[in-house]
Amino acid sequence: MFERVYVEDAKGMVGETVTIAGWVTRARDLRKIMFIVLRDKSGDIQVTVKKDGSNDFADLDLGREDVLKVTGKVVESKVAKAGVEFIPDSIEVMNRAQQPLPFDLFGPVKAEIDTRLNYRFMDFRRPRTNAIFRVQNTLLTSFRRFLSDRGYLEFQPPCVIASASEGGADLFRLPYFEKEAFLAQSPQLYKQMCAISFEKVFCVTPIWRAEKFNTPTHLNEVRQMDIEQAFADDETVMKVLEEILAYMLTEVKEKCPEELKLLEREITVPELPLRRITYTEAVEMLQGAGEEMAWGDDFSKPQERKLTELVGDEAFFMKDWPSVQKAFYAMPYPENPDVVHAFDLLYSGVEISSGTMRVHIPELLKQQIRKKGLNPDNFTHYIESFSYGAPPHAGWSIGLERLTMTVTGMRNIRECCMFPRDRDRLVP
RNA sequence: GCCCUGGUAGUAUAGUCUGGCCUAUUAUGCUGGCCUGUCACGCCGGAGAUCCCGGGUUCGAAUCCCGGCCAGGGCGCCA
């Protein structure tokens, strides 16, 4: 068995003989004395090798990122910056790193994102990159914990689907034995099918869009965090959304102080309830500020930014969208069918989540599908699932990479996806 | 799909406008030597670049022109 202690723990074990293991951040060889900065997931420690002929590892020719296992004693030191250093009894080189490295991990020369993505396996060792994914992990685990604690069931939607008849975004096609199949663009239909039986469900799943995006905020493969809830309307799930957002931000703030410091981010947890403005109010605000737009138009990127400025809150809801802007499954208001129970959550000027109350009445659903110029016959399975006792339900979805982006302050979504897939990138 | 900017050693860059003085700058990394307390160690030396690809203009192209590929940014698209 591989036994070792993490270097941060070792620092508190002065006088004890222990084994540590990690990567060489830097080896300074002064001929008669050598200093090795050894790093593991917990931190780093200086290993001091006296080259006085008393050991057999003094002539080790160490390079950056070599992997070492070192057994020795932790001693107090007035000279070492950490106050302690590590005096080795034995050093085992577990693996060598080829030199020179593809880019400098800790030096002053910063590699560009494209270079770093080509060597992502090593980029993860960069403190900033590492911090981004620790924050992302905290967002993910707190998302799951919040919902599990409240009785939501985690379900697994399929990623390969048969039908492209939902319309809208382009899907990736793939051969499926003698049939044709598609990569899912959304777990939408499946989460509804789960919610009308399990009542409260959630999932974290990848989705694919075959659009030829060429922007810093779009990827062709992203991860979505979804919930769907029965006996609920849009306001019910908006409340869950604002609470979970506040919870996730609080968790990041509490559990990732080092990471946030490294990323030079300060997190303010918004006060609840978040402000809700209607789509109509938003349009009026923009028109009042001199923007040319009509009711029913979508917001351009600059308009979205301007609106955030006008509202003044870092996070807010925009609700009651025009039917033309939202999917057929969004529930129309009975008194005004041109407006639907749909909402977006804007955070730091980015749309990080959107959701709707769904149409659960088969006849109304057929009507909405026709209204969008689609054929209800292509949605037979979908419509049928609401024919045997489907309660009213609502749900939303958060884009994991986009949320990570806003929380960590990254400008390019590729920074927030471990292995991004875009128009040109398929490796690594 | 459109617009702007860029592509020069492993990395990041200067030089490009105004073609020749480029046998291509600097830093970092790598490498050889010196150094017993360094900690972005320091000092001295070395190697490393068909200047993204293809074509053109010219006596001469990293530099100008055309096409392609790729990257970064601004839009569009993204039920």
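Order of the sequence lines fixes the chain letters, A, B, ..., with proteins taken first and strands second; residue numbering starts at 1 for each chain. Only heavy atoms go into these numbers, but all of them, side chains included; no hydrogens, no water, no symmetry mates.
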Item checked: Same-atom distance (P) from B:rG29 to B:rC43, integer angstrom -> 12 Å
Checklist line | Per-nucleotide protein contact string for nucleotides 48-53 of chain B, where B marks a base within reach and S marks sugar-phosphate only (heavy atoms under 4.0 Å, - for neither) | finding: ------
Check: At under 4.0 Å between heavy atoms, what does A:S300 touch on the DNA or RNA strands: base, sugar-phosphate, or nothing?
Finding: sugar-phosphate
Next item on the list: Hey, could you give me the CG/CZ distance between A:L68 and A:R96, rounded to the nearest 0.5 Å?
Entry: 8.0 Å
Notebook entry, point to check: Under 4.0 Å between a Lys/Arg side-chain N and an Asp/Glu carboxylate O for A:E258 and A:R134?
Noted result: no
Note to self: Quick test of your reading of the model: are A:E180 and A:R173 salt-bridged, counting only N-O distances below 4.0 Å?
What the structure shows: yes
Checklist line | Candidate nucleotides B:rA79, B:rC77, B:rA12, ranked by approach to the side chain of A:T115 - the nearest | finding: B:rA12
Item checked: Whole-Å P distance, B:rG45 and B:rC53 -> 33 Å
Check: For residues 414-428 of chain A, which residues have at least one heavy atom under 4.0 Å from RNA chain B?
Finding: A:D424
Margin query: What is the distance, to the nearest angstrom, from the NZ atom on A:K212 to the P atom on B:rC2?
Written below: 11 Å
Next item on the list: Using a 4.0 Å heavy-atom cut-off across all strands, classify A:Q325 as base, sugar-phosphate, or nothing.
Entry: nothing
Item checked: Nearest-0.5 Å distance, CD of residue A:Q185 to CD of residue A:E211 -> 9.0 Å
Check: Taking 4.0 angstrom as the limit, do A:D29 and A:K51 come out as a salt bridge?
Finding: yes
Margin query: Assuming nearest nucleotide by heavy-atom distance, tell me which of A:E112 and A:K301 is located more 5' along RNA chain B.
Written below: A:E112
Notebook entry, point to check: Over how many whole Å does the gap from A:I113 atom CD1 to B:rG7 atom P extend?
Noted result: 19 Å
Check: Given the P atoms of B:rC69 and B:rG54, what is the spacing between them in whole Å?
Finding: 15 Å
Margin query: Using whole Å, what does the distance between atom P of nucleotide B:rC77 and atom CG of A:D170 come to?
Written below: 14 Å
Note to self: In whole Å, measure the gap between the P atoms of B:rC75 and B:rC30 for me.
What the structure shows: 41 Å
Checklist line | Residue matched to B:rU18 through Watson-Crick or wobble contacts both under 3.5 angstrom | finding: none
Margin query: Could you tell me how far B:rU38 sits from B:rG48 if I compare only their C1' atoms? Round to whole Å.
Written below: 28 Å
Check: Once you round it to whole Å, what is the distance between P of B:rG76 and CD of A:Q303?
Finding: 9 Å
Check: A:S42 side chain to A:E8 main-chain N or O, any donor-acceptor pair under 3.5 Å?
Finding: yes
Check: Rounding to the closest angstrom, what is the interatomic distance between B:rA9 and B:rU28 at atom C1'?
Finding: 12 Å
Checklist line | Separation between CD of A:Q136 and CD of A:E401, rounded to the nearest 0.5 Å | finding: 6.0 Å
Next item on the list: Compare the minimum distances between each of B:rG72, B:rA12, B:rA79 and the side chain of A:A327, then state the nucleotide with the smallest one.
Entry: B:rA79
Note to self: Between B:rA24 and B:rA47, how many Å separate the two P atoms, rounded to a whole number?
What the structure shows: 12 Å
Note to self: Using a strict threshold of under 4.0 Å (side-chain N to carboxylate O), is an ion pair present between A:D123 and A:R120?
What the structure shows: yes
Notebook entry, point to check: How far, in whole Å, is B:rG19 from B:rG33 if one measures between their P atoms?
Noted result: 47 Å
Checklist line | Cation-aromatic face contact A:K200/A:Y152, 6.0 Å, 45 degrees | finding: yes
Next item on the list: Would you mind building the protein contact string for nucleotides 28-38 of chain B? One character per nucleotide, 5' to 3', B for base within reach (heavy atoms under 4.0 Å), S for sugar-phosphate only, - for untouched.
Entry: BSS---SBBBB
Next item on the list: Find the partner of B:rU13: check Watson-Crick (N1-N3 plus N6-O4 or O6-N4) and G-U wobble (N1-O2, O6-N3) distances, both under 3.5 Å, and reply none if neither fits.
Entry: none
Check: Separation of A:E211 atom CD from B:rA79 atom C1', in whole Å?
Finding: 11 Å
Checklist line | Electrostatic pair A:D114-A:R425, nearest N-O below 4.0 angstrom | finding: yes
Check: Would you call A:E228 and A:R358 a salt bridge, taking side-chain N to carboxylate O under 4.0 Å as the test?
Finding: yes
Margin query: Rounded to whole Å, please give me the gap between CG in A:N214 and C1' in B:rA71.
Written below: 10 Å
Note to self: Regarding A:R402, tell me which of base, sugar-phosphate or nothing describes its non-hydrogen contacts under 4.0 Å with the strands shown.
What the structure shows: nothing
Notebook entry, point to check: Could A:K326 and A:D320 be called an ion pair, given the rule that one side-chain N must be under 4.0 Å from one carboxylate O?
Noted result: no
Next item on the list: Please determine if A:K41 forms a cation-pi arrangement with A:Y6, meaning its NZ or CZ atom is less than 6.0 Å from the six-membered ring centre and no more than 45° off the ring axis.
Entry: yes
Next item on the list: Establish, with yes or no, whether the OP1 or OP2 oxygen of B:rG73 is under 4.0 angstrom from a side-chain nitrogen or oxygen of A:N412.
Entry: yes
Notebook entry, point to check: Is B:rC75 paired to anything, Watson-Crick or G-U wobble with both distances less than 3.5 Å, and if yes, which nucleotide?
Noted result: B:rG1
Next item on the list: For A:Q185 and B:rC78, give me the distance from atom CD to atom C1', rounded to whole Å.
Entry: 10 Å
Next item on the list: Measure the distance from CD1 on A:I413 to C1' on B:rG73 and round it to the nearest whole Å.
Entry: 16 Å
Notebook entry, point to check: Hey, are A:E242 and A:R276 close enough for a salt bridge, meaning a charged N less than 4.0 Å from a carboxylate O?
Noted result: yes
Next item on the list: Could you let me know what B:rA49 is paired to, Watson-Crick or G-U wobble, both distances under 3.5 Å, or none if it's on its own?
Entry: none
